[in-house]
Protein chains: 2
Amino acid sequence: MNPKKKQLLDAAYQLFVEKGYQSTSIQDILEHSNVSKGTFYNYFSSKNELFIDVFNTVFEKMRTARKEILVGRDVSDYETFIQQGNCYLELMQKYKLYTLFEEAIASNEKELKTFMENNRLLEIEWTFERLRDLFGQTKEPYLLDLAVIYTGMLQYAMYFFRQSEPNTQPERVVRYVFNRLTHLVEDVSRTEEQLIPPRFLSVWLDRPQDEVVIRKDLFEKTSAHMKRLITLSSISEESKEAHEEVLDFIYEELLERKKPKIHLLRRALETMDEDPVFAGQEIMATYKAMVDEIARIRTKTS
Amino acid sequence: MNPKKKQLLDAAYQLFVEKGYQSTSIQDILEHSNVSKGTFYNYFSSKNELFIDVFNTVFEKMRTARKEILVGRDVSDYETFIQQGNCYLELMQKYKLYTLFEEAIASNEKELKTFMENNRLLEIEWTFERLRDLFGQTKEPYLLDLAVIYTGMLQYAMYFFRQSEPNTQPERVVRYVFNRLTHLVEDVSRTEEQLIPPRFLSVWLDRPQDEVVIRKDLFEKTSAHMKRLITLSSISEESKEAHEEVLDFIYEELLERKKPKIHLLRRALETMDEDPVFAGQEIMATYKAMVDEIARIRTKTS
DNA sequence: AACATTTTAGACTCATAGTACAAAAGGAGC
DNA sequence: GCTCCTTTTGTACTATGAGTCTAAAATGTT
């Protein structure tokens, strides 16, 4: 990397951590990095962009450190998860990032806010996936809720714990909160209370493709169901083949094409729907609804 | 209230809620309130002060609304607590205060930050006391922890819930989080895990007087214990009286005087300590330690 | 040495918080 | 209607900070 750019990133990082975002002026950064204003704006178009550049790599480092703890270990081991949480929080503490991140996420700078919100979501996603490792697929419907409230508990407990014992290892807090969590997993899977369905994760992270993936299993089953219906029906072999072709076409087009030809697909579906074999069949209505939904999601993507 | 001041407060409130704190300039407020700059600085010494003035009354209103739900009801009724939580969150939502408060608490303006942090602490305190109403004095050692993580769960659950279903009643979230809490009360009182002792509440809220109150009971008992020791001892009646006088003096001076005469009190304690009656008595050491501690707290206050 | 790129310093614009102050407006008492 | 006092206004001013622009200097390349 260009030395001037590196000087800027280093000085900016230090000053942001020390004084916060607002309170660090570009002038400050220039003085601490021996770089002139002209050069600054040669590398970054704004203070926001600089911030994002600095903390993108910081986030990256923290995630890598956390990921390394997992190698060669059982993903379902509680202790590993606790160590990962502890590691992340220790880095937050070591680099005094709490207040800075709070400032950035609450900032009125739209770019910054979006950047930080996205990182917060990535944290929730990571936690969600780790909880699935720990507690198993069967608990999945409740795990987004739990990931969210786990993060909330951890944040707040850390905040107030720091007030009562500054410079302490966060491990006690992580353990405390994790112990609570294990009880809540049992609790919610017994009472079957759900607040936010896990599919919202993909919605929030703006990954509509994932929504399709979530629906894929169900769609495959419904598709197979339709085929069975056709095979068992009393229509001509030719019609059967025709219908099956349509089903395969829709499946491929809808799930595997990059740019599905939605209109064509709908037309094919309509012609199939006209066959009296499907009249009054509930499965046909379900199938059509699923095609509609996935089509809607996929058009939104492109 | 002066009409000009009211105009300012009203316009400021509206603009802060609409655009946030940073993004609302004083110029904006002046234009929306038909007040000139001179008058503005006649009533408020800064934008910070204006904000604090505006939201002090907002907080006041929200707390009053919440308090009114309790009148004529059983303080240990779960449903009432849920309604109170719901009421508070609905007001937050109605007036779109979430993002604004986040901005203020993370702000680099020291005044603002302190104001918001103090309000956050008052929230924790309120929750702590209500949890004591609900779950009883016996759970007290764990209730600060629970108040903290309850608040954290609620904040985070609300944040993400709003993302998935904007404009919804927060009641579902409150219920969900409260149900989790009831389990955690059992959980922590069984495992006896404690993270932050409740006395920290008074420390955080900068109410050292409360620390004295907490110790008062214990000090009274120790004091009485000392008196019994004296009565039962084989020293002259005169010495007994002298010692009792000292004990009473220390008690009054230490706990009831506005400005306790610490040095005088210590001298008296020393002379008493010299009496061989107390030699090797463990209670004397305890008593002296307690006097020291309370004296330390009380000198810090004044 | 000639040319190309990077870097610099500082002048400039614009927005904003807060100060200062003289002039105008608006009562209250007579 | 006049006087005295307070409130209000408008405007000019200082200071700070983000971001633009540019001519000149420094540095690198062929």
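Here is how names work: the chains are called A, B, and so on, in the same order as the sequence lines, proteins then strands, and each is numbered from 1.
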* Mind checking whether B:Phe55 and B:Tyr21 have ring centres under 6.0 Å apart? ->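 Between B:Phe55 and B:Tyr21, the centre distance exceeds or equals 6.0 Å.
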* Asked: Do B:Tyr95 and B:Phe101 make the cut of ring centroids closer than 6.0 angstrom?
  ->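 That pair fails the under 6.0 Å test.
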Length of the line joining [X]:[atom1] and [N]:[atom2], which is rounded to integer Å:
| X | N | atom1 | atom2 | result |
| --- | --- | --- | --- | --- |
| B:Leu8 | C:dG18 | CG | P | 14 Å |
| A:Gln22 | C:dA15 | CD | C1' | 14 Å |
| B:Lys5 | D:dT7 | NZ | C1' | 15 Å |
| B:Ile26 | C:dT16 | CD1 | P | 11 Å |
| A:Lys4 | D:dG28 | NZ | C1' | 15 Å |
| B:Gln7 | D:dT8 | CD | C1' | 12 Å |
| B:Gln27 | C:dA17 | CD | P | 9 Å |
| A:Phe51 | D:dA18 | CZ | P | 15 Å |

* **Residues touching DNA chain C, which here means a heavy atom under 4.0 Å, drawn from residues 28-42 of chain B** =>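 Result for residues 28-42 of chain B: B:Lys37, B:Tyr41, sorted by number.
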Can you find a pair of side-chain heavy atoms, one from [X] and one from [Y], that are under 4.5 Å apart?
| X | Y | answer |
| --- | --- | --- |
| B:Leu50 | B:Phe40 | yes |
| B:Arg172 | B:Glu165 | yes |
| B:Val173 | B:Leu89 | no |

* To do: Could you check whether B:Tyr43 gets within reach of a base, just the sugar-phosphate, or nothing at all, counting any heavy atom under 4.0 Å?
  =>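 Sugar-phosphate: the residue B:Tyr43, judged by heavy atoms under 4.0 Å, touches backbone atoms but no base.
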* Between A:Phe16 and A:Lys47, is there a cation-pi geometry (under 6.0 Å to ring centre, at most 45° from the normal)? ->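 No, A:Lys47 does not lie over the aromatic ring of A:Phe16.
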* To do: Measure from NZ or CZ of A:Arg162 to the centre of the six-membered ring of A:Tyr98, then state whether that distance is under 6.0 Å and the direction lies within 45° of the axis.
  =>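 Yes, A:Arg162 sits over the ring of A:Tyr98.
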* Before accepting this row, confirm whether a basic side-chain N of the pair A:Glu123/A:Arg66 lies closer than 4.0 Å to the acidic partner's carboxylate O. =>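 Yes, A:Glu123 and A:Arg66 are salt-bridged.
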* Take the C1' atoms of the five end pairs on each side of the helix from C:dA1-D:dT30 to C:dC30-D:dG1, derive the two axes, and give their angle rounded to 10 degrees. =>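 Rounded to the nearest 10 degrees, the bend comes out at 10°.
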* Should B:Lys47 be listed as having a side-chain N or O under 4.0 Å from OP1 or OP2 of C:dT16? ->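 For C:dT16, OP1/OP2 do not have a side-chain N/O of B:Lys47 under 4.0 Å.
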* Asked: Parallel, tilted or perpendicular: which describes the rings of B:Phe81 and B:Tyr150, with under 30° parallel and over 60° perpendicular?
  ->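 Tilted, since the angle between the ring planes falls between 30° and 60°.
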